[in-house]
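Each remark here refers to the structure printed beneath this line.
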Amino acid sequence: MSEDVIAASRPVTTANSGSRTLTLSAWSWVGYEATRIPYLVLLKIYIFAPYVSKIMIGDPVLGQTLFARYGFVAGLVGAVTVPFLGASLDRMGPRKPWITTCILISLPLLVSLWWAKPDRSGLSVHAVLVIVMALNLLFVYSEILHNAMLGPAVGMSRVGRYSGVSLGVANLVSVAIMTFLLWGFALPGQLHWFGIPDVPLFGFSQASHEMERSIGPLIAALGCVGLSMLLRFTIDAPASGEPFLRAIRLGSRDVFALIAGLRKQPNLLKFLIARTFYADGFHTLIIFEGIYASGVMGWHGFKLLSFAVVKIAFAALGGLLAASLNARLGTRRAIIVQISVTVVLLVMVLGTTPDRMIFFWPHDPAAQPLWSGPVFRTVPEIAFMLLSGSMTAFAVASIASGRAMIIQIVPPMRVGSYFGLFGLTASTTVWIAPMLVGILTARFQSQAVGLVPIAVLLTLGAIGMIFVKGGDRLEE
């Protein structure tokens, strides 16, 4: 890419590795991540979206279909607009004002989800889906902007560490929130154990699904806390003085120049291709892992929620694992190791069922349970839980390391453009793995065989990373 097309890089204010500012800036950036990730965990994956699908819509198959359709629209809008947003803000500099805009727009939308009543006397199903689609789009925008702040916020020598630490802390926060929700709202009246309330806290009604409906307002409150930390302490890119309309015009030109210039940057192109493969694999793994556990192990309700809590706890460990491996191996080698281990664990998970462990060790389902608890009572269940949780840890570690890798190998003042470009490629190829999963599952009538394409895509991504340069171990 020629320098007469892209403006010359301006010096970026970064955290000083030896000052107190680093601690405040880095941890406030991490703090914002910790209030952002619960949106994914609580609203999009484990609590609110399943509630809409199973209760409001009443048909899980139709619910999944509708979420997919609306999600496709949001993904398409994001794929078209995110690269231009990133490039335009590269021209202007600061990301905080635009993150603030995304959060302020999302607040009333999140609060409105309280009226997503099971009898549809509040919001209609389609109104809820439109709101969630808008929230997903705003989440993607703020995610790109937040990721682009990583270098200035923590210092370039520390991006590998703090990219992992932030996901670890965020998932620990999500574990704490989900555990509290289970204890205070889902389990009262369902499980009579010492310490569990007899009735839900605050007079919440389980019949009216007020716990699920409270997720939106809860995330809105978390968003305000995270935004206040980000605005107060996190170091941002300096302002360029570029007028808004001119920045948009030049940023749009930058996007096309960026794409055209990839052929002259073979290393970035190799990374882009490798990342496209493994990112598609990880995205699909996240979508189907709960469905797979439910279908193969027969887990539903409380058992599946317990499994979700365990998975999120392992995800928190994955973020911390990324921080350690990035520091010890360098981000590129760390990504290769993380993906490789994920593939091995995925294969072991596919070989574990209620009557067999890792393909080779049979188990009698009628055997005496290991304990009298409500979940994880047999050896295969415990093996499945530990293997799947470990797989999640390494998958999250790879995602954290991949984010750090982008920061380390792209020009500092074009990081927004590249995050947008990588988001574009991910959005345009994200349908491939689900399509292959659907074809193989239908063809062989096996959930395990259906997930084999995920292992193939992850393997191709790991092989591709071998040929990428950069992301070496950095000394502080």
Give a yes or no on whether the backbone of [Y] and the side-chain of [X] come within a donor-acceptor separation of less than 3.5 Å.
| X | Y | answer |
| --- | --- | --- |
| S398 | F394 | no |
| E210 | S205 | yes |
| K117 | L123 | no |
| R95 | S142 | no |
| S124 | R120 | no |
| S214 | M211 | yes |
| T392 | A315 | no |
| N326 | A322 | yes |
| R332 | M465 | yes |
| S324 | L320 | no |

Which atom names give the shortest non-hydrogen contact between [X] and [Y], and what distance separates them?
| X | Y | value |
| --- | --- | --- |
| P118 | I55 | CB-CG2, 3.7 Å |
| T35 | G226 | OG1-CA, 3.3 Å |
| L451 | L346 | O-CD2, 4.4 Å |
| A455 | V343 | O-CG2, 4.0 Å |
| F48 | A116 | CZ-CB, 4.0 Å |
| I312 | S174 | CG2-CB, 3.8 Å |

Q.
Check the orientation of Y51 and H209. Use parallel for under 30°, tilted for 30 to 60°, and perpendicular for over 60°.
A.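 Judged by the thresholds at 30° and 60°, the geometry between Y51 and H209 is tilted.
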Q. Any idea how F204 and F202 line up, ring-wise: parallel (<30°), tilted (30 to 60°), or perpendicular (>60°)?
A.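 Perpendicular: the ring planes of F204 and F202 meet at over 60°.
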Rounded at 0.5 Å granularity, tell me how far [atom1] in [X] sits from [atom2] in [Y].
| X | Y | atom1 | atom2 | answer |
| --- | --- | --- | --- | --- |
| L110 | L135 | CG | CG | 4.5 Å |
| C102 | F139 | SG | CZ | 11.5 Å |
| L113 | I215 | CG | CD1 | 10.0 Å |
| E33 | N171 | CD | CG | 9.0 Å |
| L458 | M391 | CG | CE | 9.5 Å |
| L182 | S306 | CG | OG | 6.5 Å |

Taking the side chain as everything from C-beta on, heavy atoms only, tell me whether [X] gets closer than 4.5 Å to [Y].
| X | Y | result |
| --- | --- | --- |
| M229 | Y32 | no |
| S25 | F233 | no |
| M149 | L230 | yes |
| S388 | F307 | yes |
| L137 | Y141 | yes |
| I177 | V41 | no |

Q. Side chain to side chain contact (heavy atoms under 4.5 Å, CB included) between Q265 and K270: does it pass, once the steps are laid out?
A. CA-CA 9 Å; Q265 301 179 83; K270 291 174 185 176; over 6 Å; no
Q | Modelled atom types, side-chain donor and acceptor of Y39 and N136, under 3.5 Å | A |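 Yes, side-chain donor-acceptor contact under 3.5 Å.
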Q) How about S28 and T234: does a side-chain donor come under 3.5 Å of a side-chain acceptor? A)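 T234 and S28 do have a side-chain donor-acceptor pair below 3.5 Å.
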Q) Going through the distances and angles, do W27 and V169 end up as a side chain to side chain contact (heavy atoms under 4.5 Å, CB included)? A) CA-CA 10 Å; W27 285 105; V169 173; 4.2 Å; yes
**Q.** side-chain hydrogen bond (donor to acceptor under 3.5 Å, both in side chains) between H146 and E143, worked out
**A.** CA-CA 5 Å; H146 178 245; E143 179 182 40; over 6 Å; no
Q | Single hit among I335, L460, L457 for side chain to side chain contact (heavy atoms under 4.5 Å, CB included) with Y278 | A |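 The side chain to side chain contact (heavy atoms under 4.5 Å, CB included) with Y278 is passed solely by I335 among I335, L460, L457.
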Q.
Could you walk me through whether I273 and F467 satisfy the side chain to side chain contact (heavy atoms under 4.5 Å, CB included) test, starting with their C-alpha distance in whole Å, then the side-chain angles of each, then the deciding distance to 0.1 Å, before giving a yes or no?
A. CA-CA 11 Å; I273 295 172; F467 302 97; over 6 Å; no
Q: Give the intermediate values and the outcome of side chain to side chain contact (heavy atoms under 4.5 Å, CB included) for residues V396 and F314.
A: CA-CA 9 Å; V396 169; F314 271 95; over 6 Å; no
